[in-house]
2 protein chains.
Amino acid sequence: MSDLVTRLRRHNWRITPQRRVIAETLEGSHVHFTADEILERAVERMPELSRATVYNTLNEMVALGEVLELTLDGRSKRYDPNADHEHHHLICEGCGLMKDVHAMADPVDWLPGDERHGFAVTRASITYRGLCPECQAAQS
Amino acid sequence: MSDLVTRLRRHNWRITPQRRVIAETLEGSHVHFTADEILERAVERMPELSRATVYNTLNEMVALGEVLELTLDGRSKRYDPNADHEHHHLICEGCGLMKDVHAMADPVDWLPGDERHGFAVTRASITYRGLCPECQAAQS
DNA sequence: TCCTTCTTTAGACATAGTCTAAGCTAGGAT
DNA sequence: ATCCTAGCTTAGACTATGTCTAAAGAAGGA
């Protein structure tokens with residue numbers, strides 16, 4: 001059984017066949033899909049699955065805190081099933097390739113008190129940008 | 001004359017009345033507007049200004065590197081005229097209020113070599129999230 | 001079995017952004 | 001001054017992404 005499904009079950013969230021397919025599709029890949037990409041792949045296993053269910057289900061998993069919503073390119077949201085592991089993202093400005101990465105320190109510690117404007121700061125995520133090896137080669 | 005217009009002129013970019021109004025609207029505020037918010041405000045000064053021109057102009061200013069495009073909420077892009085000052089963003093999860101902030105360290109320095117996956121990493125931006133003072137008060 | 005509640009579905013709707021084709025403007029050449 | 005050309009602006013159509021609605025479908029409890 002998928003780890004994400006296990007985590008979702010703990011919230012007393014009913015695991016329907018549709019939700020299971022969506023969760024397994026999300027977790028089965030190591031790239032971060034958009035909602036429509038998940039729909040496209042999930043429909044191969046369950047042809048009658050509807051677009052609305054995919055969007056609803058993803059939003060609910062985000063609300064439960066078990067999936068992260070990423071808005072890194074301004075086009076469409078992407079979904080990351082690793083909500084339980086602290087990580088950041090590295091994106092290629094050439095082709096859009098995205099990798100999960102880990103920094104050596106917590107960026108919350110780098111924000112001085114006088115820069116917090118009275119906020120209760122709870123988390124921080126870093127978006128690294130650069131060129132992947134293929135795009136570096138293509139450019140030279 | 002606005003600083004942004006000065007920077008844009010250096011690119012041999014024709015400063016038309018429309019572009020001037022858009023640049024000044026963008027720079028005149030200390031919040032980061034969406035394209036439609038800029039249109040709404042710019043139209044007060046130039047009623048015949050079109051939506052397409054605002055979108056085209058903002059995209060060109062981003063391409064010239066003089067304006068940053070922010071995709072922090074997944075709804076719409078926001079535009080930040082301070083492309084020449086390194087800074088990050090602090091966002092209230094209650095009301096969406098956004099502040100520019102400065103960190104004590106450069107996050108690029110905290111990404112180990114074996115986490116770079118061969119990328120040439122050029123920049124990094126941090127998104128801090130938390131609750132602003134008003135939303136903290138409302139919650140208790 | 002029946003009832004209630006939650007889930008799913010198709011399609012309409014909303015929002016954000018891009019594209020197209022036409023007309024407009026400004027500066028350079030003559 | 002007039003023409004030419006390149007670039008700019010415009011309205012509106014179009015696309016992509018995401019949300020909402022109303023009705024039908026499933027699932028568990030009395």
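Naming: A, B, ... by sequence-line order, numbering from 1 per chain. What you are looking at is a predicted structure, and each value in this text was computed from that prediction instead of being measured.
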Is it the case that A:D100 and A:H32 place a side-chain donor and acceptor less than 3.5 Å from each other? yes
B:E40 atom CD is separated from C:dT15 atom C1', nearest whole Å, by 14 Å
Here the distance between atom P of C:dT7 and atom CD1 of A:I15, to the nearest Å, is 10 Å
Between CD of A:E37 and C1' of D:dT17 the distance, given in whole Å, is 12 Å
Between CG of B:L39 and P of C:dA16 the distance, given in whole Å, is 12 Å
Atom CG of B:L8 and atom P of D:dC8 are separated, to the nearest Å, by 12 Å
Quick check on B:R129: does its CZ atom have over 12 non-hydrogen neighbours (other residues, nucleotides or ligands) under 6.0 Å away? yes
Per atom distances to the B:R19 side chain, the nearest of C:dT18, C:dT7, D:dT9 is D:dT9
Take the angle between the ring planes of B:W110 and A:W110 and call it parallel below 30°, perpendicular above 60°, tilted in between.
tilted
Can you check whether B:R14 has a side-chain N or O nearer than 4.0 Å to OP1 or OP2 of D:dA6?
no
Rounded to whole Å, CZ of A:R78 lies from P of D:dA16 at a distance of 15 Å
Original post:
Is there a donor-acceptor pair under 3.5 Å between the side chain of A:T53 and the backbone N or O of A:L49?
Top reply: no
- Query: Do the side chain of B:E37 and the main chain of B:T34 share a donor and acceptor less than 3.5 angstrom apart?
  - Reply: yes
**OP:** Look at the side-chain N and O atoms of A:Q18 and state whether any lies under 4.0 Å from the OP1 or OP2 oxygen of C:dT9.
**Re:** yes
A:L72 atom CG is separated from D:dT17 atom C1', nearest whole Å, by 16 Å
Rounded to whole Å, CD1 of B:I22 lies from C1' of D:dC8 at a distance of 11 Å
Q) B:R75 side chain N/O closer than 4.0 Å to the phosphate oxygens (OP1, OP2) of C:dT15? A) no
task: Give a yes or no on whether the backbone of A:E66 and the side-chain of A:R7 come within a donor-acceptor separation of less than 3.5 Å.
output: yes
Indicate whether the side chain of A:E86 and that of A:H102 have a donor and an acceptor atom separated by less than 3.5 Å.
no
Residues in residues 46-61 of chain A with a heavy atom under 4.0 Å of DNA chain C, by number, are A:E48, A:L49, A:S50, A:A52, A:T53
| query | Is any side-chain N or O of B:T16 closer than 4.0 Å to OP1 or OP2 of C:dT25? | reply | no
